[in-house]
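Remember, it's a predicted structure, so these values are computed and weren't measured experimentally.
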Amino acid sequence: MKILKSLADAQLPPCVATIGFFDGVHLGHQDLIRQVEVVAAEHQLPSLIITFGQHPRRVLRTDYQPEMLNTPKEKLSLLAHCHPDYCCVLDFDTRMAGMTSYEFMDRVLKQQLNVRYLVVGYDHHFGCDMNHGFEQYAEYGKELGIGVIKASQFLLDGKPVSSSAIRFLLQVGDVTQAARLLGRSYSVEGKVVRGQSLGRKLGFPTANLDVHMLHKMLPLDGAYATRVTLGDRQYAGMANIGRRPTVEHEGERTLEVHILNFADDIYDQDLHLDFERRIRAEHRFASYVELTEQLRKDLQRVEQIVVIDSQPPMAD
């Protein structure tokens, strides 16, 4: 997948495109991109994914700060796994926000991106005239020489898959169902930072990630069975998200993970964490003895849930 970071970079042949923010690159997004690939193959044209560097609502509503399911880097990596030929990352600014759907189709899609066919998501809208939809886009396309095709709706268990549905599942801690909608486990990645070393004193040393540097949504506070990737090795992990009420009163939110069968110093190293299942809510324990006993029980749950192959994962 060739990435175009601006319209100035765009010197494309005639192509088949779709538009979206694609937060999460979930099963619905993946199905839409597959439909684009089918149309591209039928017309022997390259495929193009058009997305945005920041959420359009951040421009349209300055008070709106949506929690993202992906960082920009993660999103591009996930889109690349869908195998489009090109991906153009547009800078959504106030000028673009003021374009009508016709102006966007003419100035951006036709004149700058050379779009010959546009596959529109079943409920997708673009342009400042948000009351317009597929029928209007199809009429504009006839005038502009762009074939407009309405994508079929993707359903899982009879229900549509959406980024907002996944955010809700993460808000209630249901990472297992969120994974079904994503087509993979929900994950975070960051550098290991120094904590207070209390876990080590309790016999459960933890790797701590700076939640302010993750730049994406975290699931509901609580204990989770996780899969930890360090370099080319995977381990089972017992993670906790929360404010550590047994240790601190109204402390800052933290993310720490005890890596099973692991004792190396990994400060400043990159750690990838896949959330497999929520074990329990976060509690305030009366003593460190009670906390330690609960951690032992949590550890047994993790060992049952997360089974690690003895061989390192294959490289992509």
With a 3.5 Å distance limit and no angle check, can you tell me whether [X] reaches the backbone of [Y] through a side-chain donor-acceptor pair?
| X | Y | answer |
| --- | --- | --- |
| Tyr137 | Phe126 | yes |
| Arg278 | Asp221 | yes |
| Ser185 | Asp274 | no |
| Asp157 | Lys159 | no |
| Gln136 | Gly133 | yes |
| Tyr186 | Met217 | yes |
| His258 | Thr206 | no |
| His81 | Leu79 | no |
| Asp265 | Tyr267 | yes |
| Thr226 | Gly237 | yes |

(request) From the options Thr51, Leu69, Val89, select the one residue that forms a side chain to side chain contact (heavy atoms under 4.5 Å, CB included) with Lys75. (result)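 Of all the options given, the one that passes is Thr51.
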Considering only heavy atoms from C-beta outward, does the side chain of [X] approach that of [Y] to under 4.5 Å?
| X | Y | value |
| --- | --- | --- |
| Leu181 | Leu156 | yes |
| Phe262 | Arg233 | no |
| Val148 | Phe134 | yes |
| Ile266 | Ile259 | yes |
| Val188 | Phe275 | yes |
| Val257 | Leu209 | no |
| Thr229 | Gln234 | yes |
| Ile19 | Leu109 | yes |

(message) Under a 3.5 Å threshold, yes or no: a donor from one side chain and an acceptor from the other, between Ser162 and Ser164?
(response)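 Ser162 vs Ser164: donor-acceptor pair found between side chains.
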(message) For a quick check under 3.5 Å, do Thr100 and Asp129 share a side-chain donor-acceptor pair by atom type?
(response) no
(request) Output, in order, the C-alpha distance, side-chain angles, deciding distance and verdict of salt bridge (charged side-chain N to carboxylate O under 4.0 Å, His left out) for Glu293 and Arg296. (result) CA-CA 5 Å; Glu293 181 59 31; Arg296 291 195 185 99; 3.3 Å; yes
Quick one: [atom1] on [X] to [atom2] on [Y], what's the gap to the nearest 0.5 Å?
| X | Y | atom1 | atom2 | result |
| --- | --- | --- | --- | --- |
| Asn70 | Phe22 | CG | CZ | 12.0 Å |
| Asp85 | Cys15 | CG | SG | 9.0 Å |
| Leu4 | Ile49 | CG | CD1 | 12.0 Å |
| Leu271 | Lys191 | CG | NZ | 11.0 Å |
| Ile241 | Leu273 | CD1 | CG | 8.0 Å |
| Arg107 | Arg95 | CZ | CZ | 8.0 Å |

Do you know which two heavy atoms are closest between [X] and [Y], and how far apart they sit?
| X | Y | result |
| --- | --- | --- |
| Arg280 | Leu295 | NH2-CD2, 4.3 Å |
| Cys87 | Leu76 | SG-CD2, 3.9 Å |
| Pro46 | Pro14 | CD-O, 3.3 Å |
| Val306 | Ala225 | CG2-CB, 3.9 Å |
| Leu118 | Thr18 | CD1-CA, 4.2 Å |
| Phe204 | Met238 | CD2-CE, 3.8 Å |

(request) Let me know which of Arg167, His29, Lys216 forms a side-chain hydrogen bond (donor to acceptor under 3.5 Å, both in side chains) with Asp23. (result)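 Among the candidates, only Arg167 passes.
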State plainly whether one hydrophobic cluster holds both [X] and [Y], where clusters connect Ile, Leu, Val, Met, Phe, Trp and Tyr through side-chain heavy atoms under 4.5 angstrom apart.
| X | Y | result |
| --- | --- | --- |
| Phe154 | Tyr122 | no |
| Tyr288 | Leu299 | yes |
| Ile166 | Leu155 | no |
| Val36 | Ile3 | yes |

Name every donor-acceptor pair, under 3.5 Å, that has one atom in a side chain of residues 168-179 and the other anywhere in the protein, sequence neighbours excluded.
unit_1 : atom_1 : unit_2 : atom_2 : d
Asp174 : OD1    : Gln177 : N      : 3.0
Thr176 : OG1    : Glu276 : O      : 3.2

(message) Does atom CD (Glu42) have a neighbourhood of more than 12 heavy atoms from anything else shown, all under 6.0 Å?
(response)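 Atom CD in Glu42 is crowded, with more than 12 foreign heavy atoms closer than 6.0 Å.
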(request) Tell me, yes or no, whether the heavy-atom count around Arg277 atom CZ, taken from other residues, nucleotides or ligands under 6.0 Å, exceeds 12. (result) no
(message) Under the criterion side-chain contact (heavy atoms from CB on, under 4.5 Å), I'd like the reasoning laid out for Asn261 against Tyr235: C-alpha separation, chi angles, the key distance, then a yes or no.
(response) CA-CA 8 Å; Asn261 305 312; Tyr235 305 86; 5.6 Å; no
(message) Checking Asp268 now: which residues fulfil salt bridge (Lys or Arg N to Asp or Glu O under 4.0 Å) with it, not counting sequence neighbours?
(response)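 Salt bridge (Lys or Arg N to Asp or Glu O under 4.0 Å) check on Asp268 returns nothing, list empty.
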(message) Does His83 form a side-chain contact (heavy atoms from CB on, under 4.5 Å) with Glu37? I'd like the steps, not just the answer.
(response) CA-CA 9 Å; His83 307 295; Glu37 294 297 324; 5.7 Å; no
Can you give each donor-acceptor pair under 3.5 Å made by side-chain atoms of residues 138-145, sequence neighbours left out, with the distance rounded to 0.1 Å?
unit_1 : atom_1 : unit_2 : atom_2 : d
Tyr140 : OH     : His132 : ND1    : 3.0
Glu143 : OE2    : Tyr102 : OH     : 2.9

(message) For Asp298, is there an ion pair with Arg301 - N to carboxylate O distance below 4.0 angstrom?
(response) no
(message) Set out, in order, the CA-CA distance, both residues' side-chain angles and the distance that settles side-chain contact (heavy atoms from CB on, under 4.5 Å) for His43 and Arg116, then state yes or no.
(response) CA-CA 10 Å; His43 296 279; Arg116 191 64 54 84; over 6 Å; no
(request) Report the C-alpha separation of Ile149 and Gln35 in whole Å, then their side-chain angles, then the decisive distance to 0.1 Å, and conclude whether the side-chain contact (heavy atoms from CB on, under 4.5 Å) test is met. (result) CA-CA 10 Å; Ile149 301 164; Gln35 294 182 58; over 6 Å; no
